Structure formats: C-alpha cells, structure tokens
Amino acid sequence: MPARTHRAATGPGTKTLLRVAVPAAGLALVAGAATALTADHDAPAALAASDSPRALLFDDFHYTAHDDPGLSAHGWTVRSGGGGPGVPGAVWDPSNVTFPDADGEPVMRLESSTDGSATEQTEVYHARKYHEGTYAARVRFADSPVTGPDGDHVVQTFFTITPLDHPMDPDYGEADFEYLPNGGWGGDALSMYLTTWETYRPDPWEAVNTHDVVVRSFEGWHDLVMTISGGEVAYFIDGREVARHGEPYYPETPMSVNVNQWFIVDGLTGSGEYRAYHQDVDWVLHVKDEVLTPEQVAAEVGALREAGTGFTDTVPAV
C-alpha cells in the first residue's frame, strides 16, 4: 500500500527550492464541464504508429460507487483503515469515494472531512507497475470546503510512488502534483508543489528530493501531465511546463498511480464545526515508454473517448 508517511509530519523537505509566482493568466484555467482536453490546432492529431502494440492505461471512471465490482476488477484500490499521511487518528474511508455526474460526465470524487476530532481522508491507487512514459489526469481542485469553515491545511494530489523498504532506500521513488489551497509546510496558501523524490528517512527526518512551487489559485479543472524519461521528470499544467527535475531524483523502480486528499499534521483550524473538501478526477491516462506532449495527450484522450473506450489497461504487470 502506498502509504506516504513522510508527508505526515514534515512536507516536502528539499535540497533545492525554486518558487515560481505565476499570474492567473500565465496558466490557462480550464473552467466548466469535465470534458476532454482540447488539442492545439498545430499539435499532431494522432501519435505515430509503432511496430509493437502500445501499452497504456486509461480510465474515464464510469462506476457507480466505491464498491462497484468493476473498480477493483480494473485494478483500482480504494484505501481503507489508518496510517499516514495525515493527522493522527484519521481514517481512510472508502465510502467517501463517489462517482457523481459533472455537467453530464461521470467523475471520481474524493471527499475528505473533519470536525477537529474525527477526520476522514480519501485515496485511490492503481497497481504498482508504472515507470517511464507519460502520466496525465484531469483534476478539479478546490480552494475552500463545500461545507463548514475554511482554513485547514488540506493536500489535494495526483502522484506516483514506490514504497519505502527501509530508511534512505535507494529504490524509493515518487513524483507529485500536490495542491495546498490553504498553505502548509511553512509555505504560502494557494501553492502547487511539484516534487520529485530520491529517498528519505522518517526518523530522524531527512529528505532527498527537489521541488518547485507555483503560487496562485488552482480552483477548478486542470490538465496535469508528467513525463518520466531519459533521466528527467517534467511537469505540465494546462499545457505549460512548470517544473523539470533530473538526477539524483529520477525514479528507478516501478510505481503505483495515485490520487488522494488528506490533512497535514497540526494543520487543522481548531474549529469543532464539521467541514468537507472535494477533489474530482475526470480521467487518468498513462502511456508506457512514450513521451507525449500535452497536445498529444489531448489527442489521445479525445480518440479514446471518441471510440467509446471507458477503460483500457494493456500495461503489463511487473
């Protein structure tokens, strides 16, 4: 299970930090319906043919509930029980993962909530079999709760991860999109962290990673693309590159694909009033061993939807 205990107390903890303040116009906010990406007119309409079958994962999240048999049959696990990251005593409640319609399209919704004493978090992850290639997701982030007072240090994510076998495990790997609408880890509110990990030690804490931060609101729908290839991890939001990391942080082993929403230790407001936060996911895509541009991701997702493909997984197990 990809429990991310290194997030429970400290946050990224980094060797290098580049803070990038981007105006709202700098990254296009894709508002409104949960729809497929729109490809740039100058981008290739289709990917080049390959001599061998392409391996990819795509899910449009056409499910009915967290216990829909199709969800587990398609390789997804809805996390349950306890454990980090998050506030002590928090539970991962599968029933808080739902599949409502958003403007006529089904989405996967993660609802995480707290009243200051009882805290529920949410996580969904796919099999640990992904390494190099392109990862993408369309995610709706929220700057405030849907009910109750605002201000908790909540983390909304899309990431890949390898379990830590032992402290400073050289085979550990992780690559993150993490949005902190109310701040946390000593940073500003409205911060998107792009973090690539080599390894860490939980006690005493030591992190070997690098991260960039984009400071602005990410309320609403956004297209996230990450490529892992040739010794570099590149991060894109709404078609624009926002971070690029190389050695020694490059992942070396297979990872799982994950989304979760959780609360930072000591980051709750102190209010005893119930509040709940939503994070929605429209679709997830991985194309093994291919580096796609955001425009090519748009074409790929558009072609899959046009063909009526709600789910496919041809990525071999490892």
Side-chain angles (χ1 to χ4, degrees), residues 1-7 12 47 50 52-59 61 71-80 83-85 92 108 123-137 139 157-178 193-202 207-211 224-236 243-260 281 283-292 296-297 300 311-318:
M1 178 175 292
R4 306 168 67 237
T5 54
H6 57 283
R7 287 289 189 269
L47 302 180
S50 173
S52 59
R54 300 173 70 225
L56 63 86
L57 166 73
F58 175 72
D59 205 328
F61 296 113
L71 192 64
S72 58
H74 288 166
W76 294 103
T77 297
V78 183
R79 189 174 174 185
S80 61
W92 302 89
M108 179 170 68
E123 178 171 7
V124 181
Y125 59 93
H126 208 263
R128 184 191 167 198
K129 60 177 182 176
Y130 303 98
H131 187 212
E132 294 181 312
T134 300
Y135 299 81
V139 179
T157 76
F158 170 57
F159 66 99
T160 63
I161 193 169
T162 301
L164 185 77
D165 186 60
H166 57 270
M168 304 304 282
D169 179 4
D171 291 331
Y172 180 77
E174 182 178 352
D176 304 326
F177 290 90
E178 294 175 304
Y193 285 79
L194 304 314
T195 309
T196 311
W197 291 76
E198 166 60 16
T199 191
Y200 73 99
R201 179 176 59 209
V208 183
N209 67 27
T210 186
H211 73 266
L224 312 179
V225 176
M226 175 174 61
T227 61
I228 300 177
S229 181
E232 290 189 324
V233 181
Y235 299 83
F236 303 81
R244 184 175 292 266
H245 304 147
E247 295 293 359
Y249 312 106
Y250 190 77
E252 297 147 339
T253 56
M255 300 176 287
S256 56
V257 174
N258 309 250
V259 290
N260 68 13
V281 184
W283 51 259
V284 166
L285 172 74
H286 170 73
V287 182
K288 176 179 169 62
D289 296 335
E290 292 185 31
V291 175
L292 275 62
Q296 288 174 317
V297 168
E300 187 75 38
F311 173 83
T312 185
D313 180 9
T314 58
V315 180
V318 295

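Counting begins at 1 with the first residue of the sequence. These values consider heavy atoms only, across backbone and side chains, with no hydrogens, waters or symmetry-generated copies. Owing to the predicted nature of the structure, the values given are computational and were not obtained by experimental measurement.
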- Task: State whether the side chain of Thr134 and the backbone N or O of Glu290 hold a donor-acceptor pair below 3.5 Å, judged by distance alone.
- Result: yes
- Message: Would you call the rings of Tyr135 and His286 parallel, tilted or perpendicular, taking 30° and 60° as the class edges?
- Response: tilted
- Task: List for me each residue that meets salt bridge (Lys or Arg N to Asp or Glu O under 4.0 Å) alongside Lys129, sequence neighbours excluded, and say none if there are none.
- Result: Asp313
- Task: Compare every heavy atom of Val315 with every heavy atom of Leu57, then report the nearest pair and how far apart it is.
- Result: N-CG2, 3.9 Å
- Does the side-chain contact (heavy atoms from CB on, under 4.5 Å) test come out yes or no for Met255 and Ile228, once each step is laid out? CA-CA 12 Å; Met255 300 176 287; Ile228 300 177; 3.7 Å; yes
- Atom pair CG/OH of Asn260 and Tyr125 - distance to nearest 0.5 Å: 11.5 Å
Between side-chain atoms of residues 163-170 and protein atoms elsewhere (two or more places apart, or another chain), which donor-acceptor pairs fall under 3.5 Å?
residue	atom	partner	partner atom	Å
Asp169	OD1	Asp171	N	2.9
Asp169	OD2	Asp165	N	3.0

- Message: Please give me the minimum heavy-atom distance between Ala136 and Val225, naming the atom from each residue.
- Response: CB-CG2, 4.0 Å
- Message: Just to verify, what does Phe158 make a ring pair (Phe, Tyr, Trp, His ring centres under 6.0 Å) with, not counting sequence neighbours?
- Response: none
- Could you give me the CA-CA distance, side-chain angles and deciding distance for Thr253 and Arg128, then say whether side-chain contact (heavy atoms from CB on, under 4.5 Å) is met? CA-CA 10 Å; Thr253 56; Arg128 184 191 167 198; 4.0 Å; yes
- Geometric class of the Trp197/Tyr172 ring pair [parallel <30°, tilted 30-60°, perpendicular >60°]: perpendicular
- Kindly write out the residues that satisfy side chain to side chain donor-acceptor pair (under 3.5 Å) with Thr312, not counting sequence neighbours, or none if the list is empty. none
- Message: Go through it in stages, so that I can follow the logic: the residues are Thr160 and Met226, the test is side-chain contact (heavy atoms from CB on, under 4.5 Å), and I'd like the CA-CA distance, side-chain angles, deciding distance and then a yes or no.
- Response: CA-CA 10 Å; Thr160 63; Met226 175 174 61; 3.8 Å; yes
- Task: Using salt bridge (Lys or Arg N to Asp or Glu O under 4.0 Å) as the criterion, list what pairs up with Glu232, not counting sequence neighbours.
- Result: Arg244
- Task: Only one of Leu194, Val139, Thr195 passes side-chain contact (heavy atoms from CB on, under 4.5 Å) with Phe177; say which it is.
- Result: Leu194
- Note on the structure: Smallest heavy-atom separation, Thr227 atom then Leu292 atom, equals CG2-O, 3.7 Å
- Which residues pass the side chain to side chain donor-acceptor pair (under 3.5 Å) test with Tyr235, sequence neighbours left out? Thr196
- If you measure from CD on Glu174 to CD1 on Ile161, what distance do you get to the nearest 0.5 Å? 4.0 Å
- Message: Evaluate Arg54 against Glu300 for side-chain contact (heavy atoms from CB on, under 4.5 Å), listing each step before the verdict.
- Response: CA-CA 12 Å; Arg54 300 173 70 225; Glu300 187 75 38; 3.2 Å; yes
- Message: Quick one: does any side-chain atom of Thr314 pair with a main-chain N or O of Leu56 as donor and acceptor, under 3.5 Å?
- Response: yes
- Query: Between Tyr249 and Thr210, what is the shortest heavy-atom contact and its length?
  - Reply: CD1-CG2, 3.4 Å
- Query: Of all residues at least two apart in sequence or in a different chain, which pass the side chain to side chain donor-acceptor pair (under 3.5 Å) check with His126?
  - Reply: Tyr130
- Note on the structure: Contacts of His74 meeting side chain to side chain donor-acceptor pair (under 3.5 Å) (sequence neighbours excluded), chain-then-number -> Tyr63
- Message: Show the nearest heavy-atom pair for residues Pro254 and Thr162, with the distance to one decimal.
- Response: O-OG1, 2.9 Å
- Task: Would you please say whether a donor-acceptor pair under 3.5 Å links the side chains of Asp59 and Trp76?
- Result: yes
- Item | Taking every non-hydrogen atom, the tightest pair across His211 and Tyr193 | CD2-CD2, 3.6 Å
